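A short worksheet on the structure shown next.
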Amino acid sequence: MKKYDHQEIEKKWQNYWLKNKTFKTTENSNKEKYYVLDMFPYPSGAGLHVGHPLGQTATDIIARKRRHQGYEVLHPMGWDAFGLPAENYAIKTGIHPAITTKENSDTFRRQIQSLGFSYDWDREINTTDPQYYRWTQWIFLQLYKKGLAYEKSMPMSWCPKCKIVAANEEVEQGTHERCGTPVERKHLKQWMLRITEYAERLLNDLDSPNIYIIHGWGSDSQSNWFERARQFLVSKKVRVCVPDFPHTDNPVYKEWKTHFESQFIQLWSQDILIGHSLGGGFMLKYLSENDIQIDKLILVAPTIKDYDVLELKDFYTKTFDYDKIKQSAQKIAIFASDNDQYIPLKDFQFLAQQLDAELILLPQRDHLMDPNFPELFEYLGDIQRSILNWPDKIKAMQRNWIGKSEGLLFTAPVKDTNITIQTFSAHFEAFCSDNFVVIAPDHPFLETLLEGIDNKQEILDFCKELIRKRMERGFEEEKEPEGIFTGRYIIDPVGNGDLPIWIASFALADYGTGIVKCSAHDERDFAFAKKYNIPLKPVLFPKDPEKAEKVKNLEVCCTDMVDGILTEPTEFTGKRSGDVRQEIIEYIEKKGFAKRQTTYKLRDWIFTRQRYWGEPIPIVFDEKGQDYPLDDSELPLQLPEIAKYEPSETGESPLASIDSWVNIQGYITKQGTVKTIQSGDKAPKDTTIQKFKRETSTMPNWAGSSWYWLRFMDPCNEQEFCSKEKEKYWGPVDLYVGGAEHAVLHLLYARFWHKVLYDLGLVSTKEPFKKLLNQGLILAEDGHKMSKSLGNVINPDDIVKKYGADTLRVYEMFMGPFEQSKAWNMNAVEGARKFLDRVWRVSQKNNKNRKKESISSLLHQTIKVVTEHIEEFRFNTAISQLMVLTNELTAQEEISQETLEIFVILLSPFAPHLAEEIWREILGHTETVAYEPWPTWNPEYLIENEVTYAVQINGKVRADFTTPKDTAKEEVVAKAKTLENVSKYLDQGTIIKEIFVPEKIVGFVVK
RNA sequence: GCUCGGGUGGUGGAAUGGUAGACACGAGAGACUUAAAAUCUCUUGCCUUCACGGGCGUGCGGGUUCGAGUCCCGCCCCGAGCACCA
């Protein structure tokens, strides 16, 4: 027998796949598409580590299985190659980062190819390629033109020794991690992106919508296309509700309103309302009269007046509040026909105009009642494609990061001045206790506030010291808060008198308004007040008299709001504070003390780095310092060659030192963009040649990864970043797999850019990644993280060489649940190899003439389990099922061609080289196994002829027996009673209950 | 503190409320071999029993149920992420 020579086999088929472009993606619109994407790696000098193939094997298994199942699969790979390591290496060695990047990506490509992944290498992209980053720059310009990019002077961490701006993650405890020098704060102008403008949508779209379909006059949930639409949405796993409204022939608006509201607790801002005919009219009236925020309003042949039908009079006010409706929904669409027997076309046009709605006109379709409604279903399909299927953990992290909180904004005059300040409070239940105010030491308003105070300078110096200490502390929590009195008071709008304003070390300038009203009922505020002897007035007391006494004597603060009682104002006395939140808001708002306000923790995105190795920002400044976007024809704005990679003395990017690059001549086009011009050339008519300076900062390395999944759809397009047609076909990414470390930054930035492109009409979905999964961490054998310094790093090359790529793939998939961290185990690697050895031996027992098989039940069981478990990302159990089958086949003398073929196809996603070898060399096929149809299981074969019953006495198993499958219940129970170890127990009492679970359990309850 | 996971043999891990421990690693025994490796077969949660069997077992304490690793209530521990967010 031939030996299983993994080195020979794997090399052979890898070359074959590459040479024949076996995995080249085509765009066949007859097939259903599937886009499966890995988070593309940064090609570091260290090469691939064993964590990379974990996610990549999983996506490869899915991609291969989908190809077997007849999908058109997009499965690409590329390099996120801008970034610090290559630049730092360049500073040290003088080697151009492009050279390092190329070497590293070559290594990565070789390593990835050695694992047999089925990527389409014709679509490989690299973010540092000018043909790629011209589009990164182009998208930046779209943001700029939309007003989403702006310049702002920001304090940055500056290392005086390295003369370099350090990123936050490079600063450790106030010192530069590379050289240990304390960093300084330096104000530098930075480009910012207004991600905060999208905060609400980034938050809301994490939740999936509810869709409501509202029927019209004389119909119900089963009429027209409603039931089909419901089924369609249910099949796409969208929550949908099609209520039946009362008295449909004689509808009453009030009744419908009550009924509609009974269908939901609250309409959320991601919800979608679809109304047909009178259902549309109902929605128009409802949204005119109620303050509702929804995502989409879809009106299908809506009625906008009663058309003198008596029964409908109740639904139409004289005019709808079109502005209010417009503000209720993010998007409004109207489906209508030009030959509607009830409604004239001009009414639809009028409505579309009033609502700024998209009018989708379908010729000759009457009142749109046909159950077939492909246009609407396609529209709903687009909605469905935007709904996220992400781990709760990642969603929670994003919510946390966005950090929405709703509270009250109080406005108060400052005593002895003519200025007012605003304070934000999310926990205002104890507002009667507010006794002092704190302001952040770095609050920009501080100077103004202190105007006229005697010891102003002393206070400002103290603030400086507080800020210095905060920097030094870094991410450590403060042990003891510090502060100083400003000498100012506010006149409390809610009537607590004059409250002193303190500067407090714990107050944050960039959260809320940076100023807080404080009370005795917050642990931190309480500690601060005690330290500085600020008088306190507790108003909430626990029911426990002993505890209440302690609060009264200011020994402890009471943070337990639910048990507390608000003592003033009297309206609330005797109520538990947690129950009166809403009442308090109304009370305060009514009295005009404060306004509702929502704040977010999310900050705008600092989009510039003073570095060389990044995308140049395509902005220029005229001699007055006014900024202009470069004209599209100027893209890509290429990185110039440079002699020294160090940043300049002033903290500017190294690019600033290249005069010939920075200083240019050009003119302003009619569109307000700037085109450069060679000296000596003439400017077009009506324009003048001016001097400009280029922006010298580069983009952060998150930029290139914020849209790359779109480029994979159309990687060679020179006219657009991606054609609309291709985006419509491939988008969104169906499955996205990568490390959880990107839970917030990358995934939030990517969603942000995608939404901007969506708003510009350049992509068709609101969200880029439909399903997201994070692979678990692979730890070293000792359970610690793998690291060079510990010397416990496993290099995939070594495993591939010694055991083979298929072994590595099977091992990593068999280690445990995909999303869980797990430790490497060399013995288990050998176990995976032994499994493949056994498969190899089994394959030699192939007999082409053999027909019948005695193991068809197990075979079909295996098809079912492997098929289902791959889909559920339960690769470990899928493999264990293949092992069970292999062990059974090992016991067989010979194996039929058919059985072996099925087995090989099932194995091929996991161990593609071995599967291809058996498929071609043993089973004798001439084409690749990769596109063979995936086997299906026959439920009939799953049924065993014999079943085993367990017999339980009072829930404990006492015996078991096998019997033919169809044995009647009475017979099974009777047989169970005769068993020796059962009758023994039955004799000890009387049977008070018999339990029979078909094909599983016979139980007796004996007393 | 908040959020999200998780706790099952010596180990990694399996178990739509229905025979806990599939599959694999490790360990032990045997077959083949001069021998070893490889391969194949058997055993392997703990306690008890010559054996049949019995008892105990899924972090802890309760509950629901004929029956709970699984569902409910109350805790403990571990991991990850966020955190001076008013």
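Computed from a predicted model, the values in this text were never measured in an experiment. Chain naming here is simple, since letters A, B, ... match the order of the sequence lines and numbering starts at 1 in each.
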Between [N] and [M], how many Å separate the two [atom1] atoms, rounded to a whole number?
N: A38(B); M: C76(B); atom1: C1'; result: 49 Å
N: A37(B); M: G28(B); atom1: P; result: 12 Å
N: G30(B); M: A22(B); atom1: P; result: 24 Å
N: G18(B); M: A36(B); atom1: P; result: 48 Å
N: U49(B); M: G54(B); atom1: C1'; result: 8 Å
N: A68(B); M: C78(B); atom1: C1'; result: 24 Å

Phosphate OP1/OP2 of [N]: any [X] side-chain N/O under 4.0 Å:
X: K601(A); N: C85(B); value: no
X: N981(A); N: G54(B); value: yes
X: T890(A); N: C40(B); value: no

Review point. From A14(B), G81(B), C40(B), pick the nucleotide closest to the side chain of R841(A)?
Key: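 Selected nucleotide (nearest to the side chain): C40(B).
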Kindly indicate whether the side chain of L54(A), heavy atoms from C-beta on, has any atom under 4.5 Å from the side chain of F818(A). yes
- Message: Would the base of U16(B) count as contacting K1000(A) through its side chain, where contact means a donor and an acceptor less than 3.5 Å apart?
- Response: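 Side chain to base: pair present.
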For the ring-ring contact (aromatic ring centres under 6.0 Å, His included) test, which of F436(A), Y489(A), F485(A) pairs with W502(A)?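 Running ring-ring contact (aromatic ring centres under 6.0 Å, His included) over F436(A), Y489(A), F485(A) with W502(A) returns exactly one hit, F485(A).
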message = Out of the candidates F875(A), Y803(A), W824(A), only one should pair with Y811(A) under the ring-ring contact (aromatic ring centres under 6.0 Å, His included) rule; please name it.
response =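 The option that passes is W824(A).
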Per-residue pairing states of RNA chain B in dot-bracket (Watson-Crick or G-U under 3.5 Å; . unpaired, | other strand) read (((((((..(((.....[....)))((((((.......))))))((((....))))..(((((..]....))))))))))))....
When rounded to the nearest 0.5 Å, the distance separating CD1 of I439(A) from SG of C463(A) is 8.5 Å
Q.
Checking one value: the base orientation of G9(B), syn if chi is within 90 degrees of 0, otherwise anti.
A.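 G9(B): syn.
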query = Cationic tip of R751(A) within the cone over W390(A)'s six-membered ring, i.e. under 6.0 Å and within 45° of the normal?
reply =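 Output yes; distance and angle both within limits.
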> Is there a residue in residues 818-828 of chain A whose heavy atoms reach under 4.0 Å of RNA chain B, and which residues are they?
Replying inline: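 Hits under 4.0 Å, by residue number: Q820(A), N825(A), N827(A).
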- request: Specify the residue among Q881(A) and K785(A) whose closest nucleotide of RNA chain B lies further upstream toward the 5′ end.
  value: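 Nearer the 5' end of the strand: Q881(A).
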- Query: Would a line drawn from the ring center of F996(A) to the ring center of Y949(A) be shorter than 6.0 Å?
  - Reply: yes
- Item | With F752(A) via ring pair (Phe, Tyr, Trp, His ring centres under 6.0 Å) - residues at least two apart |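 With neighbours one apart ignored, the set is Y198(A).
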